[in-house]
Protein chains: 2
Amino acid sequence: MQRKNVTITDSEWMVMRAIWTMGHATSRELIDAMNELEGWSASTTKTLLHRLIQKQAVAQHGGSRPFTYKPVVGEKESMAATADDLFDHMCAMRAGSTIADVIQSRELSRADIANLQAILAEKAKTAPEEVQCNCLPGDQTC
Amino acid sequence: MQRKNVTITDSEWMVMRAIWTMGHATSRELIDAMNELEGWSASTTKTLLHRLIQKQAVAQHGGSRPFTYKPVVGEKESMAATADDLFDHMCAMRAGSTIADVIQSRELSRADIANLQAILAEKAKTAPEEVQCNCLPGDQTC
DNA sequence: GTTAAGAGGCTACAAACGTAAACTTAGAAT
DNA sequence: ATTCTAAGTTTACGTTTGTAGCCTCTTAAC
């Protein structure tokens with residue numbers, strides 16, 4: 001069974017990122033941005049933009065020729081989805097307490113830490129005793 | 001310029017995961033495991049195993065025929081590396097305080113939270129005031 | 001020594017990706 | 001109206017990935 005692709009790839013994310021930063025953009029603006037940021041040729045950006053449209057991550061607006069491109073997917077939602085995927089992945093990788101490892105390995109500023117502590121304190125109020133993680137059968141570390 | 005691949009792909013991770021769980025394994029064991037877990041054919045597992053050997057993520061041990069395969073990369077280290085990649089990615093996605101978002105979107109048990117709080121408290125002692133994140137130029141949200 | 005069965009290795013092939021050239025069309029300038 | 005040019009569309013091509021078939025040894029059994 002061949003796979004069915006609906007995933008946004010790395011280079012596509014870069015374009016999304018640019019669009020999000022700009023809010024909306026013409027192809028020219030995007031081409032220039034991507035050329036500046038990644039050194040891509042115009043064609044490359046065009047292709048990626050097209051693929052994003054096909055994947056319905058970006059929409060073409062404005063009836064006449066210099067169209068405007070806007071994100072269909074908000075970055076917040078994408079972020080949440082990605083975060084979840086990533087953690088599933090890490091969980092799948094059987095990393096003991098995954099989030100803990102991540103925090104350990106990450107450089108954080110005082111402000112970040114304070115922020116996190118606040119969030120955790122809040123979360124602690126409603127946290128369940130146990131949480132499931134679909135690991136390998138027989139895996140005890142997760 | 002074509003890309004230069006040294007990345008371990010998703011399905012390859014699955015094999016790594018199995019090897020890590022078993023500590024070390026023969027191809028037969030891996031084939032059976034992957035068949036059970038993912039329904040893969042023997043060939044698929046063999047191919048992936050081979051690619052992993054080429055990528056030097058797994059090594060062949062034992063001189064005679066039923067070889068033993070062992071991970072070259074420890075899962076802890078892989079975990080750390082992955083976590084960092086992932087966070088770079090999230091950071092690239094301009095998600096305000098990325099880690100916070102992740103924690104927000106994740107279900108955590110009381111034990112997990114306590115654990116995290118301990119880690120954060122520890123980290124707070126040595127945390128720098130500011131931390132860099134290489135975002136898009138002009139990006140103020142990161 | 002011959003053979004069978006499984007381990008290991010090569011080959012295959014479609015989909016997806018990264019990257020980009022070539023072609024077409026619709027407004028802008030003359 | 002004709003031409004130029006930028007915007008948009010098609011096509012291309014080598015690589016990577018997911019998935020798997022088939023061939024070739026090695027080792028164990030007869």
Side-chain angles (χ1 to χ4, degrees), chain A residues 1-19 22 24-70 85 89 92, chain B residues 1-19 22 24-70 85 89 92:
Chain A
M1 182 235 306
Q2 280 311 107
R3 65 210 139 124
K4 162 87 176 187
N5 181 32
V6 257
T7 314
I8 285 167
T9 75
D10 280 346
S11 38
E12 284 166 357
W13 278 125
M14 294 183 202
V15 177
M16 286 308 288
R17 192 145 93 80
I19 297 185
M22 303 168 144
H24 59 79
T26 65
S27 68
R28 173 98 326 248
E29 292 170 322
L30 281 173
I31 287 171
D32 291 345
M34 297 324 288
N35 176 269
E36 167 124 3
L37 289 168
E38 306 289 334
W40 290 349
S41 91
S43 307
T44 301
T45 303
K46 287 182 193 178
T47 302
L48 262 353
L49 189 52
H50 250 252
R51 288 182 183 163
L52 283 171
I53 290 171
Q54 285 176 323
K55 291 180 181 179
Q56 303 199 288
V58 166
Q60 217 175 33
H61 289 262
S64 62
R65 248 319 171 91
F67 293 122
T68 304
Y69 298 92
K70 289 186 192 172
D85 283 356
H89 185 207
Chain B
M1 182 236 307
Q2 281 307 108
R3 67 206 138 126
K4 161 90 177 187
N5 181 31
V6 258
T7 314
I8 286 167
T9 75
D10 279 346
S11 38
E12 284 166 357
W13 279 125
M14 293 183 204
V15 177
M16 286 309 286
R17 193 147 90 81
I19 296 185
M22 304 169 145
H24 58 80
T26 65
S27 68
R28 173 99 326 251
E29 292 170 322
L30 281 173
I31 287 171
D32 291 346
M34 298 324 287
N35 176 269
E36 167 124 2
L37 288 168
E38 305 288 334
W40 291 349
S41 91
S43 307
T44 302
T45 303
K46 286 184 196 177
T47 303
L48 262 353
L49 190 52
H50 250 252
R51 289 182 182 165
L52 283 171
I53 290 172
Q54 286 177 323
K55 291 179 180 178
Q56 302 197 289
V58 167
Q60 218 175 31
H61 289 263
S64 61
R65 249 316 169 93
F67 294 122
T68 304
Y69 297 93
K70 289 187 192 172
D85 283 357
H89 185 208

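Here is the naming used below: chain letters follow the sequence lines, and residue numbers restart at 1 for every chain.
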key: First encountered from the 5' end of DNA chain D, between B:Leu48 and A:Phe67   = A:Phe67
request  = Locate the shortest heavy-atom distance separating A:Val15 from A:Met34; write the atom from each residue and the value.
outcome  = N-CE, 4.1 Å
B:Leu52 CG to D:dT17 P, straight-line distance once rounded to whole Å = 11 Å
Nearest-neighbour nucleotide for the A:Ser64 side chain, C:dG27, D:dG8, D:dA20 considered = C:dG27
request  = Tell me which nucleotide among C:dG8, D:dG8, C:dT19 gets nearest to the side chain of A:Thr47.
outcome  = C:dT19
key: Spatial distance of atom CD (B:Glu29) from atom OG1 (B:Thr45) [nearest 0.5 Å]   = 13.0 Å
key: Protein-nucleotide distance (A:Leu49, atom CG; D:dT10, atom C1'), rounded to Å   = 15 Å
request  = Tell me whether the OP1 or OP2 atom of D:dG18 has a side-chain N or O from B:Thr9 closer than 4.0 Å.
outcome  = yes
remark   = Picking from D:dA20, C:dT19, D:dG18, the nucleotide nearest the side-chain atoms of B:Ser11 would be D:dG18
Base C:dG8 to side chain B:Arg28, donor-acceptor N/O within 3.5 Å cut-off = no
message = Under 4.0 Å from OP1 or OP2 of D:dT19: is there any side-chain N or O of B:Trp40 that close?
response = yes
inquiry  = Please pick, from C:dC17, D:dG8, C:dA20, the nucleotide with the shortest atom-to-atom distance to any side-chain atom of A:Lys55.
reply    = C:dC17
message = Once you apply a heavy-atom cut-off of 4.0 Å, does B:Gln60 come out as touching a base, just sugar-phosphate, or nothing?
response = sugar-phosphate
Exercise: identify the closest heavy-atom pair between A:Ile19 and A:Tyr69 = CG2-O, 4.2 Å
message = Test your reading of the model: is there a side-chain donor-acceptor pair from B:Thr44 to the backbone of B:Trp40, 3.5 Å cut-off?
response = no
request  = Give the minimum heavy-atom separation between B:Met16 and B:Ala57, together with the two atoms involved.
outcome  = CE-O, 3.4 Å
query = Rounded to whole angstroms, how far apart are CE on B:Met34 and P on D:dT19?
reply = 10 Å
request  = Check whether any side-chain N or O of A:His50 sits under 4.0 Å from OP1 or OP2 of D:dT9, and answer yes or no.
outcome  = yes
task = Starting from P on D:dT17, measure out to CH2 on B:Trp13 and report it in whole angstrom.
result = 12 Å
ask   = Could you give the CD1-to-C1' distance, from B:Ile31 to C:dA5, as a whole number of Å?
value = 13 Å
ask   = Taking the side chain of B:Ser41 as heavy atoms from C-beta outward, which of D:dA20, C:dA20, C:dG8 is closest to it?
value = D:dA20
request  = Would you mind telling me which of D:dC22, D:dT17, C:dA26 lies closest to the side-chain atoms of A:Arg65?
outcome  = C:dA26
ask   = Considering heavy-atom distances to DNA chain C, does A:Lys46 or A:Pro66 have its closest nucleotide positioned more toward the 5' end?
value = A:Lys46
query = A:Glu12 CD to C:dG18 P: how many Å, rounded?
reply = 7 Å
request  = Can you tell me the distance, in whole Å, between the OH atom of A:Tyr69 and the C1' atom of D:dA7?
outcome  = 7 Å
note = Among C:dT19, D:dT17, C:dG18, the one nearest any side-chain atom of A:Thr44 is C:dT19
remark   = From the candidates D:dA20, D:dG18, C:dC17, the one with an atom nearest any side-chain atom of B:Ser43 is D:dA20
query = Which part of the nucleic acid does A:Thr26 contact within heavy-atom distance under 4.0 Å: base, sugar-phosphate only, or nothing?
reply = nothing
query = Could you state the CG-P distance from A:Leu37 to C:dT19, rounded to the nearest angstrom?
reply = 14 Å
ask   = Would you say A:Lys55's side chain and A:Thr7's backbone share a donor-acceptor pair under 3.5 angstrom?
value = yes
message = Closest approach to the side chain of B:Arg51, judged atom by atom: which nucleotide of D:dA20, D:dT17, C:dG8 is it?
response = D:dT17
